[in-house]
Amino acid sequence: MNDRISQLLKRTPGAAVVTAEGWVRTKRESKNVCFLEINDGSCLKGLQAVVDLADFTDGPLLARITTGAALTCTGTLVASPGENQEVELRVESITLHGEAPADSYPLQKKRHTLEYLREIAHLRARTNTMGAVARVRHAVSYAVHSYFNEKGFYYVHTPIISTSDAEGAGEQFQVTTFDLDAIPRTPEGTIDYAADFFGKKAALTVSGQLQGETYALALKNIYTFGPTFRAENSNTKRHLSEFWMIEPEMSFCTLEGNMTVAEEFLKSVFSYVLDHCADDMAFFSQWVEKGVADTLRTVVDTPFAHMTYTDAVAELVKSNDTFDFPVHWGSDLQTEHERFLTEQVCKGPVIVTDYPKEIKAFYMKLNDDGKTVRAMDVLVPRLGEIIGGSERESRLDVLTTRMTDLGLDPSDYWWYLDLRRFGSVPHAGFGLGFDRAIQYITGMQNIRDVIPFPRAAKQAEF
RNA sequence: UCCCCUGUAGCUCAGUCGGUAGAGCAGGUGGCUGUUAACCACCCUGUCGGCGGUUCAAAUCCGUCCGGGGGAGCCA
């Protein structure tokens with residue numbers, strides 16, 4: 001394989017013949033030379049290829065090269081007399097693989113809105129912004145695996161198809177092989193799921209946590225990192241029907257250890273991106289969200305503050321007149337409250353713990369006060385909650401009581417409860433919405449622009 | 001799902017009090033030029049989202065449907 005353009009740009013000028021492959025971003029013609037900026041997605045910058053018109057006689061070929069065309073150029077790397085690049089390619093030969101006729105190619109050499117680019121999602125990866133998002137998304141994925149690997153966590157592939165009828169985390173997409181025009185019925189007239197592919201009602205997963213816990217209670221420390229599906233008809237800039245989620249789970253671990261890992265994990269990932277995607281982060285800081293790289297650096301450098309929900313509410317109540325939704329003990333925190341805590345009260349990341357049990361999930365460990373649970377939310381400036389997690393309820397009796405109180409049938413969770421019957425141990429974990437993390441890191445306003453092919457209600461064209 | 005805004009040239013938008021449309025960019029041609037948001041001149045482009053209604057006359061007013069954006073709820 002030939003060198004990527006990112007590698008060519010780091011080389012020093014020399015007599016060796018090199019090959020550059022990529023797509024033309026822009027073409028500028030002068031009397032004696034023609035400049036082609038070639039980009040292959042390996043970095044933000046393109047390689048300037050210079051065609052000397054005195055030597056290059058194939059004018060018709062040059063005329064067919066327009067913005068978007070795919071080329072292989074060979075030549076030598078020379079020091080550039082121009083201001084914006086160290087080296088440039090002095091072209092000796094060009095192979096034009098695919099043309100991109102200017103009158104029909106949807107990407108023009110001008111700025112396009114993100115809304116327009118969403119309509120041509122199959123081509124938008126060729127833009128500066130989407131290319132940078134793609135590289136950062138890759139780097140963050142790598143950093144996530146790298147962090148957990150170094151810390152002795154095992155990557156567990158939890159199922160995409162779930163038959164737990166009561167995961168309770170949201171509307172599910174049903175999975176069936178039924179002929180929808182002739183759905184089998186029981187004698188009583190209800191749908192006969194026993195006749196369906198899995199023999200029971202099945203759906204796409206809304207969380208890998210419950211299955212993740214089973215492996216944490218065997219391998220001690222595990223994490224999941226996979227797609228998740230919610231069939232909610234929510235149309236916002238931070239929701240997708242199909243998104244990626246990271247869920248670590250740790251045995252022999254309480255809420256304190258959970259907080260330590262969450263902080264270390266975030267800092268490790270942010271730090272990796274800042275170090276390895278400096279150009280892309282500078283691009284986001286300049287064009288997408290002013291100073292977003294500095295915000296990340298601050299998160300990396302600042303020890304996370306800790307406060308209980310009760311203390312947080314006490315702080316918020318002092319400023320209740322500034323909120324659209326005033327706070328009282330027992331109410332869920334809105335984004336405006338979360339941002340106030342992290343931006344005004346703590347002036348940095350903060351982990352809020354011990355929420356009222358009424359506003360948290362059934363599996364969270366009940367505190368001795370009987371009113372709060374060992375939950376934690378990690379709040380960061382500009383966004384609010386970025387991580388939610390908890391110590392899990394490891395006591396069988398307390399857990400079944402909680403489920404019954406909430407109207408859940410413990411028998412639906414028999415295997416989950418077995419984890420508390422056999423070798424139960426304090427354990428904890430948290431969840432991070434991967435795409436939202438990418439939003440936070442890049443400053444991109446709409447989650448549909450940080451995933452290659454967004455799925456949302458009425459949106460699955462590509 | 002609810003509320004608000006919006007839909008006009010390839011793209012981004014303007015269009016007054018109802019009188020069938022314009023600017024920038026992109027594209028084309030020519031000129032200039034080691035250019036890099038290239039520059040200068042000229043040229044081309046429209047079922048004004050769809051359907052229906054009011055009116056002598058609708059991009060403009062009304063109804064409805066469809067698309068897009070923002071906010072809320074829900075959440076990751």
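Chain naming here is simple, since letters A, B, ... match the order of the sequence lines and numbering starts at 1 in each.
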Please check if the number of heavy atoms outside A/E86 that lie under 6.0 Å from its CD is greater than 12. no

Rounded off to whole Å, could you give me the [atom1]-to-[atom2] distance for the [X] and [N] pair?
X	N	atom1	atom2	answer
A/L117	B/G68	CG	P	15 Å
A/Q439	B/C75	CD	C1'	13 Å
A/F243	B/C74	CZ	C1'	12 Å
A/R448	B/G67	CZ	P	12 Å
A/L240	B/C75	CG	P	17 Å

Indicate, with a heavy-atom threshold strictly under 4.0 Å, whether [X] touches base, sugar-phosphate, or nothing.
X	result
A/T236	base
A/Q48	base
A/H112	sugar-phosphate
A/R118	sugar-phosphate
A/F35	base
A/N235	base
A/D103	nothing

Given B/C2, is OP1 or OP2 found less than 4.0 Å from the side-chain N or O atoms of A/N233? no

side-chain contact (heavy atoms from CB on, under 4.5 Å) filter on A/R238, not counting sequence neighbours, yields A/T236, A/R436, A/Q439

Residue pairs meeting ring-ring contact (aromatic ring centres under 6.0 Å, His included), one or both in residues 93-114 of chain A, sequence neighbours left out, come to A/H112-A/Y116

Under 3.5 Å, is there a donor-acceptor pair linking the side chains of A/N367 and A/T372?
yes

For RNA chain B, the dot-bracket notation using Watson-Crick and G-U wobble pairs below 3.5 Å, [ ] for pseudoknot-type crossings and | for other-strand pairs, is (((((((..((((.....[..)))).(((((.......))))).....(((((..]....))))))))))))....

(Q) Between B/U55 and B/C17, how many Å separate the two C1' atoms, rounded to a whole number? (A) 16 Å

For RNA chain B, determine which residues of residues 24-31 of chain A have any heavy atom closer than 4.0 angstrom to one of its atoms, and list them numerically.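 A/R28, A/E29, A/S30, A/K31, in order of number.
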
### Message
Within residues 82-98 of chain A, which residues have any heavy atom lying less than 4.0 Å from an atom of RNA chain B?
### Response
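A/G82, A/E83, A/N84, A/Q85, A/E88, A/R90 - these, ordered by number, are the residues of the stretch whose heavy atoms sit under 4.0 Å from the strand.
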
Apply salt bridge (Lys or Arg N to Asp or Glu O under 4.0 Å) to A/E99 and list each qualifying residue two or more places apart in sequence or on a separate chain.
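Residues passing salt bridge (Lys or Arg N to Asp or Glu O under 4.0 Å) with A/E99: A/R64.
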
